[in-house]
Asker: 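Here it is, the structure, as C-alpha cells.
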Amino acid sequence: MRCAFECVFLHLSNKRNRSFSVQKYLIKDLGLYDGQEITLMGWASNKRESKGLVFVVLRDGTGWCQCVISQETVGDAIFEEAKKITLEASLSITGKIVKDERQMGGFELQASSVTLIGNSVDYPIAKKEHGVDFLMDKRHLWLRSQRQWAIMRIRNKIIYSIHAFFQQEGFVQMDAPLFTGNACEGTSNLFETDFYGDPAYLSQSGQLYGEAMAFSMGKIYTFGPTFRAEKSKTRRHLSEFWMIEPEMAFYDIFENMDLIENFLRFVVSAVLDDCQNELAVIGRDTSVLKNIIQPFPRLAYDEAVRIIKGEQDVNGKNAIVSLEDELAEVKARIQSVRTEITEREEKIKIPGMKKGEIGFNQAQIDKLKQELGDLEEQERNIPQWLNSARNFEYGNDLGGSDETVITRLFEVPIMVYNWPHEVKAFYLKRDPENSKFARGVDVLAPEGYGEIVGGGERETDEKLLIEKINEHQLPMEAFEWYLDLRRYGTVPHAGFGLGLERLVTWICKLPHVRESIPFPRMYGRLLP
RNA sequence: UCCUUCUUAGCUCAGCUGGUUAGAGCACAUGACUGUUAAUCAUGGGGUCCCUGGUUCGAGUCCAGGAGAGGGAGCCA
C-alpha cells in the first residue's frame with residue numbers, strides 16, 4: 001500500500017518534471033555523507049561575504065549547514081549569482097560534505113553548484129534583536145528562526161509523548177464537541193457564534209463530555225482546542241489553546257494525582273531524552289526538569305495557604321522572606337544594570353574606538369535596556385504580590401501571584417488539593433471527610449510558572465449536583481443529559497485538564513505563552 | 001473592567017530643565033578584503049517624532065483626549 005503510494009507520487013513528479021519536489025538529503029543526516037557529493041535544498045538563513053568566497057548558512061527544516069561557495073571552484077558566472085543571494089532565499093546547493101570542527105553540526109558543504117529556487121527581497125527579520133510586537137506581526141516568518149524551530153520541535157515531542165502515554169495506559173482518545181449550547185462552568189467569558197440561527201458557544205472545556213465518554217470506554221482522553229474570551233493581557237493567557245482532558249471511571253482523587261504525576265514525569269522525561277539539541281538551542285537549564293523523577297509534594301489547601309502567608313516554611317524557605325529577598329535582589333540588579341549602561345555609553349563616546357567595538361557595546365546596551373525594562377516591571381509587581389500574599393484571605397482561590405509565590409519555593413511541580421468548595425467548579429465531589437472541601441486538585445509548575453493542570457474527582461450525588469447547578473444559576477435543562485450519568489449506573493470517577501501551551505512554556509522556560517504555539521490567538525491578536 | 005509602563009528612520013533605541021538644519025547602531029545600496037560565525041572597513045540614500053486639540057514667540061519634549069502595544073489585577077489551563 002505504502003509502496004504503491006510512493007510510486008504514484010514519484011511517477012507524478014517525474015511527469016511534471018519538478019526537479020525540486022523532493023529533499024533527498026537532509027542536514028540532520030550529514031554525518032552519513034562525509035566526503036560525498038550531495039544536493040541540499042533549503043533557505044539561506046545567513047550569508048557572509050569575502051573576496052572570492054561566499055558563506056551561506058542553509059537551513060532545510062532539519063538543521064543548519066554552512067555552505068562555502070568559492071569562486072575558484074564554481075566559476076565566475078555561478079559566483080556572481082551566489083553573491084546576490086539574500087536572507088531567506090530558497091536554494092538548491094550541490095557540493096562535497098567535509099568535516100569541519102568549527103561548524104555547529106561538525107560538517108560543511110563545499111559547493112560545486114548553486115541554483116536559486118525562490119528569491120527573497122528585503123526579508124524583514126534582521127540578524128539582531130527585535131521587539132515582541134514586530135515579531136508577532138511577522139509570526140509567519142519568525143517561525144523560521146532557530147529558537148522558534150527548537151520550541152516547535154519540543155512542542156511536537158510533548159504532543160507525541162502525551163498520546164504515547166495515554167495509549168500505552170489503555171486510554172481511548174475521543175473528542176468532545178467544539179460547538180456547545182451551554183456554558184460548562186458558567187464562569188469564564190465565551191465566544192458566541194451563530195449556529196443555524198441559534199446562539200452557540202465555542203467550547204471552553206470538554207470535561208462534561210469526557211465523563212460521558214469515560215462511562216463508555218472506562219478511560220478516555222480528549223485532545224483539542226479550547227476557547228476563552230477573557231480580555232487578559234498576561235504572560236499565561238491565550239484566547240485559543242489546546243487542552244488534554246483525561247477522564248477515568250473508578251478513580252478517586254488520589255489515584256488521579258498518581259496518574260497526573262506519572263503522566264508529567266513521562267512527558268518531561270521524553271523531552272529530556274529526545275530533545276537535547278533543541279533544549280540547548282533555547283538555552284534551557286535542564287537541571288530543574290531532571291528533578292521530575294522526585295515525588296511531587298501534595299499539599300492540602302490549608303497547608304498551601306499557610307505557606308503563602310509565610311506562616312509555614314518549606315525546606316527552611318519562607319515565602320514572604322524569599323519574596324522580600326528577591327525584591328532586594330531586583331533593586332540591586334537594577335542599580336548595577338544602570339551603572340553598566342552608563343559606563344558603556346561613556347565608553348563609546350571616547351574617540352578612537354574601533355567601529356566593531358562600538359557596535360558590540362551598542363548591542364550590549366540594547367540587551368541591558370531590555371533587561372532593565374523587565375526588572376523595573378518586577379520592581380513594580382513584587383510589592384503587589386507581597387501585599388496579596390500577606391493579606392491572603394482563607395477561603396479564596398489562589399491568584400496568579402499566589403501561585404508564583406508558592407511555586408518559587410519548590411523545584412518540582414506541586415499538587416494542591418481539597419479546596420473550599422465555594423471557589424471551585426460545580427461538578428467537583430464534596431470531600432466525604434469534611435464537607436467544607438471539594439476534591440479538586442491543581443498542579444502548579446515550579447520556577448514561578450503556576451497552574452498547568454486542573455482536575456479532581458467528580459460529584460456522583462445527583463441531589464448535591466442539582467443544588468450546585470442552582471447555586472451557580474445555570475440552566476438546569478442544559479444539564480439533564482449530564483445528570484443522566486448519575487441516574488444510570490454512576491461510579492466514582494475523576495479526571496483532569498492539561499493546558500498544552502502552559503506545559504510547553506514551562507518545559508522551555510519561555511517568558512510568555514505566545515511563543516509556545518505557532519499562531520497565537522489572544523486579546524488584540526488575530527493576524528497573521 | 002481597573003491599575004501601570006511605553007509609542008522618534010525598515011529594525012533596536014538616544015534625544016537633559018521646551019530653543020538653530022532630529023541622532024546612533026543594525027538593515028539596504030556601492031566599493032575594498034581569500035575562512036567568515038550577528039564578519040570587518042569606507043561611502044551613500046532613508047523621518048507625518050502614533051493621532052487630534054491646547055499652552056507658548058517657539059513643542060519630539062509640557063497639558064488634555066483618543067488609538068495601539070507591553071506588564072499586572074480579576075478570571076483561568
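Atoms considered below: every heavy atom in the structure, side chains included; atoms not considered: hydrogens, waters and symmetry mates. Keep in mind the model is a prediction, meaning the values are calculated, not measured. Per chain, numbering begins at 1; letters A, B, ... match sequence-line order.
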Asker: Check whether any side-chain nitrogen or oxygen of A:N46 sits under 4.0 Å from OP1 or OP2 of B:U36, and answer yes or no.
Answerer: no
Asker: Where the side chain of A:S232 is defined as all heavy atoms beyond and including C-beta, which of B:G72, B:G71, B:C75 is the nearest nucleotide?
Answerer: B:C75
Asker: Is A:T226 touching bases, backbone alone, or none of the nucleic acid, heavy atoms closer than 4.0 Å?
Answerer: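 No contact at all - A:T226 keeps every heavy atom at 4.0 Å or more from the nucleic acid.
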Asker: Of the nucleotides B:C33, B:C76, B:G74, which has the atom closest to the A:S50 side chain?
Answerer: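 Of all the options, the side chain of A:S50 is nearest to B:C33.
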Asker: Below 30° counts as parallel, above 60° as perpendicular, anything between as tilted: where do the rings of A:Y221 and A:F171 land?
Answerer: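 Geometry flag for A:F171 against A:Y221: perpendicular rings.
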Asker: Any idea which of B:U34, B:C76, B:C11 is nearest the A:R502 side chain?
Answerer: B:C76
Asker: What about A:H130, does its side chain sit under 3.5 Å from the base of B:C11 through a donor-acceptor pair?
Answerer: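 A donor-acceptor contact between them is absent.
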Asker: For B:U1, take OP1 and OP2 only and decide whether either is under 4.0 Å from a side-chain N or O of A:K231.
Answerer: yes
Asker: Does the distance from a Lys or Arg side-chain N to an Asp or Glu carboxylate O, for A:E457 and A:R439, drop under 4.0 Å?
Answerer: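 Salt bridge present between A:E457 and A:R439.
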Asker: Could you check whether A:H163 and A:Q173, counting side-chain N and O atoms only, form a donor-acceptor pair closer than 3.5 Å?
Answerer: no
Asker: Confirm from the modelled atom types if A:E377 and B:G70 form a donor-acceptor pair under 3.5 Å, side chain to base only.
Answerer: yes
Asker: Can you tell me how far P in B:U8 sits from the matching atom in B:A69, rounded to whole Å?
Answerer: 14 Å
Asker: On RNA chain B, nearest-nucleotide positions of A:R380 versus A:Q66: which is more 5'?
Answerer: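 Taking each residue's closest nucleotide, the earlier one in sequence belongs to A:R380.
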Asker: Return the nearest nucleotide to the side chain of A:R514; candidates are B:G70, B:G35, B:A77.
Answerer: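 So the side chain of A:R514 is nearest to B:G70.
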Asker: Write down the distance separating the P atoms in B:G45 and B:G23, rounded off to the nearest Å.
Answerer: 13 Å
Asker: Looking for any heavy atom pair under 4.0 Å, which part of the strands does A:I125 touch: base, sugar-phosphate only, or nothing?
Answerer: nothing
Asker: Going by ring centres under 5.5 Å and near-parallel planes (under 30°), is A:F241 stacked on B:A77?
Answerer: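 Here the ring of A:F241 and the base of B:A77 are stacked, with centres under 5.5 Å and planes under 30°.
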Asker: How far apart are the closest heavy atoms of A:S161 and A:V267, and which atoms are they?
Answerer: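 Minimum heavy-atom contact is OG-CG1, 3.7 Å.
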Asker: Please classify the nucleic acid contact of A:Q71 as base, sugar-phosphate, or nothing, using heavy-atom distances under 4.0 Å.
Answerer: nothing
Asker: Using the P atom in both, what is the distance from B:U61 to B:G25, to the nearest Å?
Answerer: 26 Å
Asker: Among the nucleotides B:U12, B:C33, B:G35, which one has an atom lying closest to any side-chain atom of A:F134?
Answerer: B:U12
Asker: With respect to the side chain of A:R236, which nucleotide from B:U34, B:C75, B:G71 is positioned closest?
Answerer: B:C75
Asker: For the CZ atom on A:F519, are there more than 12 heavy atoms of other groups (residues, nucleotides or ligands in this structure) within a distance under 6.0 Å?
Answerer: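 Yes, because the 6.0 Å sphere around CZ of A:F519 holds more than 12 heavy atoms from other groups.
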Asker: Suppose you measure atom P in B:U36 against the same atom in B:C41; what distance do you get, rounded to whole Å?
Answerer: 15 Å
Asker: Which part of the nucleic acid, if any, lies within reach of A:D137 when heavy atoms closer than 4.0 Å are counted: base, sugar-phosphate only, or nothing?
Answerer: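 If one applies the 4.0 Å heavy-atom cut-off, A:D137 turns out to touch nothing in the nucleic acid.
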Asker: Classify the nucleic acid contact of A:I452 as base, sugar-phosphate or nothing, counting any heavy atom under 4.0 Å across all strands shown.
Answerer: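 Sugar-phosphate contact only.
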Asker: In whole Å, what separates the C1' atom of B:U17 from that of B:U21?
Answerer: 23 Å
Asker: Can you tell which of B:C76, B:U34, B:G71 lies closest to the side chain of A:L53?
Answerer: B:U34
Asker: Using the P atom in both, what is the distance from B:G46 to B:G10, to the nearest Å?
Answerer: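 Nearest-Å result for B:G46 against B:G10 at atom P: 12 Å.
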Asker: Would you state whether a donor and an acceptor, one from the side chain of A:E108 and one from the base of B:G35, lie under 3.5 Å apart?
Answerer: yes
Asker: If you check the A:K51 side chain, which of B:A77, B:A69, B:U34 turns out closest?
Answerer: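 Of all the options, the side chain of A:K51 is nearest to B:U34.
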Asker: Reckon A:G450 touches a base, only the sugar-phosphate, or nothing at all at heavy-atom distances under 4.0 Å?
Answerer: nothing
Asker: Looking at A:E88 and A:R144, does any basic side-chain N land under 4.0 Å from a carboxylate oxygen?
Answerer: yes
Asker: Choosing from B:C33, B:G72, B:C28, which nucleotide comes nearest the side chain of A:W385?
Answerer: B:G72
Asker: Please confirm whether the ring centroid of A:F263 lies under 6.0 Å from the ring centroid of A:F166.
Answerer: yes
Asker: Output the single nucleotide from B:U34, B:G71, B:A77 whose closest atom is nearest the side chain of A:K233.
Answerer: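 Of B:U34, B:G71, B:A77, B:G71 is nearest to the side chain of A:K233.
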Asker: Taking atom C1' in both B:A9 and B:G15, what distance in whole Å separates the two?
Answerer: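 B:A9 and B:G15 have their C1' atoms separated by 14 Å.
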Asker: Starting at the 5' end of RNA chain B and moving along, which residue's nearest nucleotide shows up first, A:R525 or A:E403?
Answerer: A:R525
Asker: Give the dot-bracket line for RNA chain B from 5' end to 3' end: parentheses for intra-strand Watson-Crick or G-U pairs under 3.5 Å, square brackets for crossings, | for inter-strand pairing, dots for unpaired.
Answerer: (((((((..((((.....[...)))).(((((.......))))).....(((((..]....))))))))))))....
Asker: Is the phosphate of B:A39, meaning OP1 or OP2, less than 4.0 Å from a side-chain N or O of A:R48?
Answerer: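 So the side-chain polar atoms of A:R48 do come within 4.0 Å of the phosphate oxygens OP1 or OP2 of B:A39, strictly under.
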Asker: For the residue pair A:Y301 and A:Y394, categorise the inter-ring angle as parallel (less than 30°), tilted (30 to 60°) or perpendicular (more than 60°).
Answerer: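 Aromatic pair A:Y301/A:Y394 classed perpendicular.
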Asker: May I ask you to verify if any side-chain N or O of A:R235 is less than 4.0 angstrom from the OP1 or OP2 atom of B:A77?
Answerer: no
Asker: Do you know the tightest heavy-atom contact between A:M248 and A:A214?
Answerer: N-CB, 4.4 Å
Asker: Under a 4.0 Å N-O cut-off, is there an ion pair linking A:E49 with A:K47?
Answerer: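 A:K47 and A:E49: salt-bridged.
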